[in-house]
Amino acid sequence: MFLTYLRRELTNRKKQTVIIGIGMALAIALVVIVSSVSSGVKAAQATALQSVYGVGTDITVTKTASAASGGSKPSFNFGSGSGSTPGSSSGQTKLNQSRLSLAMGSQTLPASDVTEVEKTAGVSKATGVLQLQDTDFSGSISQSQSSGSSGSGSSGSGGSSQGAPEGQSGSSSSSGSSGGFGGGNFSFDQTSVEGIPVSGDIVGPLTSTTTTSGRAFTASDSGKDVAILDQSYAKTNSKSVGDTIKLGSATFKIVGIVSSTSSSSSTASDVYIPLDTAQKLSGETGKVTAIYVSATSSSDVDTIKSALEKKMSGTTVSTEADLASSISGSLSTASTLISNLGKWLSIAVLAAAFLIAILFTISGVTRRTREFGTLKAIGWSNGRITRQVAGESVVQGIIGGIVGAAAGLAGILVVNIVSPTISGSTTGTGTQARSTAVSSGAPGGGGAPGFGGGGSTTSTADVVLHAPVTVDIILLAIGLSIAGGLIAGALGGWRASRLRPAEALRSVA
Amino acid sequence: MTETETTIAAEAEASAPPSPIYRLTDVTKTYQQKKKKVVALSGVNLSIPAGQLVAIQGPTGGGKSTLLQMLGALDRPTSGEVTLGERNIAALGDHALTDIRATEIGFVFQGFNLIPTLTALENVESAFAGSLAKLSKDEIRERSTAALTEVGLAERLDHLPAELSGGQQQRVAIARALVKNPRVLLADEPTGALDEATREEIMTLIERQWKDRGLTVVIVTHDSWVAKRAERRLHLKQGQVREI
Ligand SMILES: Nc1ncnc2c1ncn2[C@@H]1O[C@H](COP(=O)(O)OP(=O)(O)OP(=O)(O)O)[C@@H](O)[C@H]1O
Ligand SMILES: [Mg+2]
């Protein structure tokens with residue numbers, strides 16, 4: 001009788017079933033999509049973090065930036081050093097400068113700090129790395145005497161330049177841009193280079209990468225001019241294992257190519273070289289720019305952080321959570337959007353759906369006053385009537401839940417087909433200095449101004465959003481729809497049970 | 001039951017003092033309507049012997065439906081006693097009243113009150129409530145089919161109420177009321193929504209069931225033609241009963 005009556009009510013009162021079902025379906029679909037996408041965004045965030053900081057890194061220690069200094073100041077001495085002046089008749093100076101220096105905004109810590117960190121209770125492993133930047137400047141400058149007026153006339157496509165010979169400024173990106181000033185032109189390239197320990201690298205930038213060709217560093221690479229390239233960098237520059245690459249004054253043999261384990265993002269730096277080689281070439285012997293720390297237990301992270309902060313003054317200690325909060329860009333936007341808007345939208349729509357279900361169930365019970373009164377008059381107990389009403393609501397809820405879950409899954413499928421790429425960047429003033437994408441600065445003429453842009457650096461990782469479908473999400477959807485049905489049914493049933501059996505005798509409406 | 005058996009039963013009953021199935025003592029029912037107190041029944045004393053066919057007449061608002069609610073264990077009196085068999089309905093809890101309605105009382109309403117989404121057969125099956133709900137599915141189906149056959153609707157088992165005429169719907173309602181073999185059949189204006197020909201049909205059906213089953217029947221009616229077919233007629237006015 002229960003099932004017969006239930007089936008008959010649902011099929012013969014389709015309108016109510018459809019309305020409650022649609023309301024529930026909409027809400028459930030939204031919840032499914034939002035929770036899937038938000039877990040996708042979380043995963044993307046983790047991936048972005050991993051590709052920038054390395055898997056298993058719980059804490060990073062860097063030198064706290066002081067506003068005044070932006071690391072060492074690279075300078076190019078045009079004309080006096082390696083630049084050649086092939087004859088005064090041509091009036092041109094060809095320039096070719098390559099420098100390997102500290103990454104912008106980076107400041108160094110003594111390598112002994114690594115040992116210091118490692119000795120801290122709860123730390124399982126600490127690795128020091130030296131983040132460098134190879135800046136390559138080449139071009140020719142016209143030696144025209146009319147310097148004051150000629151420069152103002154032309155400007156390059158990639159940046160602006162002024163004709164004043166002692167103070168040109170221009171902006172450039174790592175892809176290289178050239179601008180003309182005077183009668184000359186120049187090109188400017190930046191490559192991020194990271195010196196890493198050649199062995200025992202269980203924490204750090206390369207832990208979330210796979211070697212796609214060649215090999216990883218071994219202990220025997222120590223002090224050698226060997227390099228491992230990021231795959232996308234290698235592709236852009238048409239380099240492969242066995243080729244050489246010029247960094248600063250040295251020529252490196254490429255022994256391996258690595259790619260990030262997250263399919264789309266690039267690794268933290270363009271080029272990796274042995275730490276001691278990096279220290280030697282940059283003149284930063286015995287120095288590191290960041291220490292990657294992994295904790296024995298993740299629950300210790302906060303304790304370690306405060307211990308390190310106390311122990312090592314003048315450093316910035318960041319946990320993964322700190323880093324996650326520093327992630328900006330579309331990933332951060334997506335994350336904020338999903339976690340705020342998505343969450344509240346889900347809650348609002350879910351509440352609306354529950355309300356619709358409750359109101360329709362109660363108004364349905366009111367409409368069926370005589371019906372329930374009659375059933376009571378012929379001996380149905382309150383419990384049986386409540387169960388009947390609740391049963392109807394729960395089934396309506398479940399129908400909505402199933403339809404909604406299906407719609408939600410379809411939505412997730414669309415998200416995954418579209419696979420939006422979201423990029424996450426971390427911006428910091430000198431704290432997390434890894435410039436893999438864009439940096440701005442002005443090459444100073446005559447060696448004086450250095451990098452005017454100062455210590456603001458950005459690390460970017462592009463991650464393809466993948467919204468996962470988990471059993472949890474499906475269970476959540478079904479659970480919510482049953483809950484909605486139960487709440488509506490309980491209220492409707494309670495309402496029905498309060499009807500007086502004498503209502504059955506009310507004259508026909 | 002054959003006719004001779006019925007006669008024998010009737011004679012046996014006539015020889016013994018008729019045991020009342022209902023005994024109402026000083027029954028008063030008041031309703032609180034906003035701030036006004038409405039007296040629906042005021043000091044009703046009434047005894048109904050088992051097997052009697054009683055008609056209750058009276059002006060609108062006289063308390064007829066209220067009295068039927070007391071007899072049908074739908075509600076308790078404000079004061080006084082309503083005894084059905086040996087049990088005082090006024091003193092019983094909700095569960096006990098529900099159980100009495102499920103097993104001892106059959107109800108027929110002016111508006112038929114069938115469940116609109118259930119077929120004729122399913123409507124009759126819905127009468128198996130309380131302890132009767134524990135019967136097997138097959139038995140419930142068998143008894144329901146038999147009850148519908150008895151009221152002449154063997155061909156209409158799968159029809160929805162909306163697909164039946166008023167008279168047919170009331171027959172389904174009567175089958176639903178009687179399928180549980182109750183001791184009492186209570187009807188509130190059972191012919192009120194029917195035309196004259198159908199009214200006669202329904203009364204004939206009720207009379208036959210009354211005779212065949214030895215039921216106690218109480219019919220509330222505005223219709224004198226219906227009332228005249230009863231053994232006993234009561235007039236209810238301003239909450240007070242008077243024999244006609
Ligand atoms: N639930 C209720 N709340 C308040 N007053 C009620 C209620 N039910 C009945 N009454 C009042 O009690 C009195 C008797 O009502 P009842 O329904 O018994 O009359 P009736 O004789 O059946 O009338 P009718 O012939 O119109 O059906 C009326 O004055 C009515 O307004
Ligand atoms: Mg009435």
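Residue numbering restarts at 1 for every chain, and letters A, B, ... go by the order of the sequence lines.
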Return the CZ to CZ distance between Phe112(B) and Arg370(A), rounded to the nearest 0.5 Å.
9.5 Å
Closest non-hydrogen atom pair between Arg101(B) and Lys376(A), with its separation:
NE-O, 2.7 Å
Answer yes or no: does atom CZ of Arg143(B) have more than 12 heavy-atom neighbours from other residues, nucleotides or ligands under 6.0 Å?
yes
If one checks every heavy atom of Arg7(A) against chain B at 4.5 Å, the contacting part turns out to be neither
Is it the case that over 12 heavy atoms from other parts of the model lie below 6.0 angstrom from the CZ atom of Arg13(A)?
yes
Note: Gly379(A) and Ala129(B) closest approach over all heavy atoms is O-CB, 3.4 Å
In this structure, are over 12 heavy atoms from other groups packed under 6.0 Å from Glu142(B) atom CD?
no
What I'd like to find out is whether the side chain of Glu125(B) reaches to under 4.5 Å of the side chain of Thr4(A), using heavy atoms alone.
no
Name the region of Ala177(B), side chain, backbone, both or neither, that has any atom closer than 4.5 Å to a heavy atom of chain A.
neither
Residue list, side chain to side chain donor-acceptor pair (under 3.5 Å) with Gln169(B), at least two apart or on another chain:
none
After noting the C-alpha distance and the side-chain angles of Leu118(B) and Met1(A), does the key distance pass the side chain to side chain contact (heavy atoms under 4.5 Å, CB included) rule?
CA-CA 10 Å; Leu118(B) 296 180; Met1(A) 193 69 220; 3.5 Å; yes
I need the full list of side chain to side chain donor-acceptor pair (under 3.5 Å) pairs touching residues 184-197 of chain B, with sequence neighbours left out, sorted by first then second residue.
Ser65(B)-Asp188(B), Glu189(B)-His222(B), Asp195(B)-Thr198(B)
Around atom CZ of Phe354(A), are there more than 12 heavy atoms of other residues, nucleotides or ligands at under 6.0 Å?
yes
Would you find a donor on one side and an acceptor on the other, under 3.5 Å apart, between the side chain of Asn113(B) and the backbone of Thr374(A)?
no
Under 4.5 Å, counting heavy-atom pairs only, tell me which of Gln69(B), His95(B), Glu122(B) racks up the most with chain A.
Glu122(B)
Any side-chain to backbone donor/acceptor pair from Lys180(B) onto Ile378(A)? Under 3.5 Å, distance only.
yes
Part of Arg368(A) within contact of chain B (heavy atom distance under 4.5 Å):
neither
In terms of side-chain heavy atoms, does Glu9(A) have a donor or acceptor partner in Thr117(B) at a distance below 3.5 Å?
yes
Nearest non-hydrogen partners of Phe128(B) and Arg384(A), listed with the distance:
O-NH1, 3.3 Å
Identify which of Ala377(A), Gly373(A), Ser381(A), Ala502(A) forms the greatest number of heavy-atom pairs closer than 4.5 Å to chain B.
Ala377(A)
Residue, of Ser126(B), Gly130(B), Ala127(B), Gly72(B), that accumulates the most heavy atom pairs under 4.5 Å with chain A
Ser126(B)
Nearest heavy atoms of Glu371(A) and Pro116(B), plus distance in Å:
OE1-CD, 3.6 Å
Can you tell which of Thr98(B), Leu186(B), Leu114(B), Ile115(B) has the highest number of heavy-atom pairs within less than 4.5 Å of chain A?
Ile115(B)
